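Report on one structure; see the data block that follows.
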Amino acid sequence: MHSTNLLLEEPIRMASILEPSKTSFFPAMTKIVGTLGPKSRSVDTISACLKAGMSVARFDFSWGDAAYHQETLENLKLAIKSTKKLSSSSLLPINFSGLAKAVTPGATIFVGQYLFTGSETTSVWLEVSEVKGDDVVCIIKNTATLAGSLFTLHCSQIHIDLPTLSDEDKDVIRKWGAPNKIDFLSLSYTRHAEDVRQAREFLSKLGDLSQTQIFAKIENVEGLNHFDEILAEADGIILSRGNLGIDLPPEKVFLFQKSALHKCNMAGKPAVVTRVVDSMTDNLRPTRAEATDVANAVLDGSDAILLGAETLRGLYPVETISTVGRICAEAEKVFNQDLYYKRTVKYVGEPMTHLESIASSAVRAAIKVKASVIICFTSSGRAARLISKYRPSMPVLSVVIPRLKTNQLRWSFTGAFEARQSLIVRGLFPMLADPRHPAESTSATNESVLKVALDHGKASGVIKSHDRVVVCQKMGDSSVVKIIELED
């Protein structure tokens, strides 16, 4: 007889990590093989060996019979469960203790780095075959190599009972987000409107973050099913197509994208699309399919394209941004603005609100007179966002007029938040007016601010001599749209 290093070939099992051991899963780079025998075959002893750093269990068949070693093997399995150690390639640890209660046979589970790399060969797709206590036994559906220390787990179309904002998330927002006065919070795995409301309540208690906008990230079927109520509550939407592509059949993703973008457009709320040029993480050029995908996202009405791994760890972050920008610009040239405008007006219906009427009129006037830009005076940013809702074919200079406020200890001006937050809205280019000319100022002051805006447009090359410019501004209790023809 000879010694044997035994590799367990069973359906993969996921053991929930309820209390991860303090010792790292990788205490050393060099692995340790331990032979199990009379002095090392009890569950307690094997557990201690695993905690000490044993990576591989060796069964020496030069002595003892099969039944003896089988008993030792069963003790090893029990020890693995108690220590959560990876003693075989058939066991994957996860950090969600409720998985066994959340899934049923037939469910699809995804584990890997697909969401970081965009490559399906770095992720394993599993089908649940049975649930045994806290263990989820699965059948592997593909060939993949799991490498690295960070993986995501996604259960297709399964409700996971976890808070949308974890304690760790709140701690980061409190300690880093608040001091840095973040403009946006991307709320991952938004499932209900209540998720957004709870996040907003949390932000409201953190001083300046009461102005922070919340973008709901739609990543699973649960969020998709409650999309309308989430959209009504959120300030914007991020369509996480990577996760949605796991939760939905591939042939359904495009339909949801188009529907969701249309709803965001009609609500006048920014929509952001993700996962568009994955291949540029490692390559200087996108694939033809990716270039078409970017263009279609623009034609469908998206406000922004979110680059993840492409700029986070990609080899060509600057070139990626430049390439995507050029594709967007080309798509905008063929965007059917006239059809879009008519569809939006019809959707809004009559009677329109005062502000909606002014915004739509400003865009219509600008198109009729072929204005080079629309200049919008705003304090909250809402008027400028409504103008963008009608997707004018020319840029909108959003001139944010600061408001003077006091907390009885000191005076301060608002406006910086509002100006920066319009940077995610399609077609809006913000300017923050001089705080010495606050929103309650006179028409003469507004004229001086208008001159500054026109000069800025000329300096940036979007306004030339004899161009027409449409201006949208408040005058007292009224809002007016006027057309200016420049002389020089």
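Predicted model, so just to flag it, every value in this text is computed and none were measured.
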message: As an exercise, state the distance from CD of E219 to CG of L244, rounded to the nearest 0.5 Å.
response: 7.5 Å
statement: Taking every heavy atom of I483 against every heavy atom of A365, the minimum-distance pair comes out as CD1-CB, 4.5 Å
field: Donor-acceptor under 3.5 Å (D171 side chain, D167 main chain)
entry: no
query: Are any of the side-chain heavy atoms of T190 and L187 separated by less than 4.5 Å?
result: yes
- request: Test Q211 against E418 for side-chain hydrogen bond (donor to acceptor under 3.5 Å, both in side chains), laying out the working first.
  value: CA-CA 9 Å; Q211 291 182 266; E418 291 81 358; 3.0 Å; yes
field: 4.5 Å side-chain heavy-atom contact, L454 and I463
entry: yes
- prompt: Do V294 and V277 come within less than 4.5 Å of each other through their side chains, counting heavy atoms only?
  reply: yes
- prompt: Quick one: does NZ or CZ of R200 land under 6.0 Å from the six-membered ring centre of F202, within 45 degrees of the ring axis?
  reply: no
task: For the pair V273 and L306, evaluate side chain to side chain contact (heavy atoms under 4.5 Å, CB included) and give the outcome as yes or no after the intermediate values.
output: CA-CA 6 Å; V273 172; L306 192 156; over 6 Å; no
- prompt: Counting distance only, does the side-chain N/O of Q421 pair as donor-acceptor with the main-chain N or O of D183 below 3.5 Å?
  reply: yes
- prompt: What pair of heavy atoms forms the shortest contact from I238 to S186, and how long is it?
  reply: CD1-OG, 3.5 Å
- request: Give, for atom OG of S465 and atom NZ of K458, the distance between the pair rounded to the nearest 0.5 Å.
  value: 7.0 Å
message: Assess the residue pair K389 and N265 against the criterion (side chain to side chain contact (heavy atoms under 4.5 Å, CB included)); give the C-alpha distance rounded to whole Å, side-chain angles, the decisive distance to 0.1 Å, and a yes or no.
response: CA-CA 6 Å; K389 173 179 174 176; N265 293 163; over 6 Å; no
task: Take I484 and V471, measure what side chain to side chain contact (heavy atoms under 4.5 Å, CB included) needs, and give me the verdict at the end.
output: CA-CA 7 Å; I484 300 174; V471 180; 3.5 Å; yes
- prompt: How many angstroms lie between atom CE of M352 and atom OG of S357, to the nearest 0.5 angstrom?
  reply: 6.5 Å
query: What's the shortest heavy-atom distance between V363 and Q337, and which atoms?
result: CG1-NE2, 3.9 Å
task: Please round to the nearest 0.5 Å and tell me the distance separating atom NZ of K263 and atom NZ of K258.
output: 15.0 Å
D338, CG atom: more than 12 neighbouring heavy atoms under 6.0 Å: yes
Spacing of L423 atom CG and S398 atom OG [to the nearest 0.5 Å]: 9.5 Å
- prompt: Side-chain contact, heavy-atom cut-off 4.5 Å: W125 with V111?
  reply: no
task: Drop me the distance from I321's CD1 to T311's OG1, to the nearest 0.5 angstrom.
output: 6.0 Å
- prompt: Judged by atom type as modelled, is there a donor-acceptor pair below 3.5 Å linking the side chain of S259 to the main-chain atoms of F256?
  reply: no
task: For residues I305 and C328, report the shortest heavy-atom separation together with the two atoms involved.
output: CG1-SG, 4.3 Å
message: When you compare the side chains of E290 and S279, does any donor N or O come within less than 3.5 Å of an acceptor on the partner?
response: yes
task: Would you indicate whether K482, at its atom NZ, is surrounded by more than 12 heavy atoms from other residues, nucleotides or ligands within a distance under 6.0 Å?
output: yes
message: Looking at R191 and E222, would you say the former's side chain and the latter's main chain have a donor-acceptor pair under 3.5 Å?
response: no
- prompt: Are side-chain N/O atoms of T378 and R382 paired as donor and acceptor at under 3.5 Å?
  reply: no
query: Does the pair K451 and D455 meet the rule for a side chain to side chain contact (heavy atoms under 4.5 Å, CB included), with working shown?
result: CA-CA 6 Å; K451 184 180 185 305; D455 290 343; 3.0 Å; yes
- prompt: Given R364 and S360, is the side-chain hydrogen bond (donor to acceptor under 3.5 Å, both in side chains) satisfied, shown in steps?
  reply: CA-CA 6 Å; R364 198 61 175 162; S360 59; over 6 Å; no
C472 versus V481, closest heavy-atom pair with distance: SG-CG2, 4.4 Å
message: If you count heavy atoms of other groups shown closer than 6.0 angstrom to CD of E485, is the number above 12?
response: yes
message: Just to verify, which of D293, T323, D278 counts as forming a side-chain contact (heavy atoms from CB on, under 4.5 Å) with P286?
response: T323
- line: Residues I327 and A295: closest non-hydrogen pair is CG2-N, 3.8 Å
- prompt: Any donor and acceptor pair, going by atom type alone, linking the side chain of E229 with main-chain N or O of A193 inside 3.5 Å?
  reply: yes
- prompt: Y341 vs Y390 aromatic rings, parallel, tilted or perpendicular, using cut-offs 30° and 60°?
  reply: tilted
message: Is there a side-chain contact between H456 and L397 in this structure, where contact means two heavy atoms from C-beta onward sitting under 4.5 Å apart?
response: yes
- prompt: Partners of D303 by salt bridge (charged side-chain N to carboxylate O under 4.0 Å, His left out), sequence neighbours excluded?
  reply: R391
task: Just grab all the ring-ring contact (aromatic ring centres under 6.0 Å, His included) pairs involving residues 299-336, residues at least two apart or on different chains.
output: F335-Y340
field: Side-chain (N283) to main-chain (M280) donor-acceptor, under 3.5 angstrom
entry: no
- request: Flag the pair I374 / M394 as yes when at least one side-chain heavy-atom distance between them is below 4.5 Å, and no otherwise.
  value: yes
- prompt: Are L284 and T320 close enough that some pair of their side-chain heavy atoms sits under 4.5 Å apart?
  reply: no
field: Close side-chain approach of V221 and L248, heavy atoms under 4.5 Å
entry: yes
task: Could you tell me whether a side-chain N or O of S302 sits under 3.5 Å from a main-chain N or O of A297, the two making a donor and an acceptor?
output: yes
- request: Show the numbers, then the answer: is there a salt bridge (charged side-chain N to carboxylate O under 4.0 Å, His left out) between E319 and R285?
  value: CA-CA 9 Å; E319 292 85 351; R285 289 166 59 88; over 6 Å; no
field: salt_bridge(D235, K269) N-O dist < 4.0 Å
entry: no
task: For the residue pair H192 and H226, categorise the inter-ring angle as parallel (less than 30°), tilted (30 to 60°) or perpendicular (more than 60°).
output: tilted
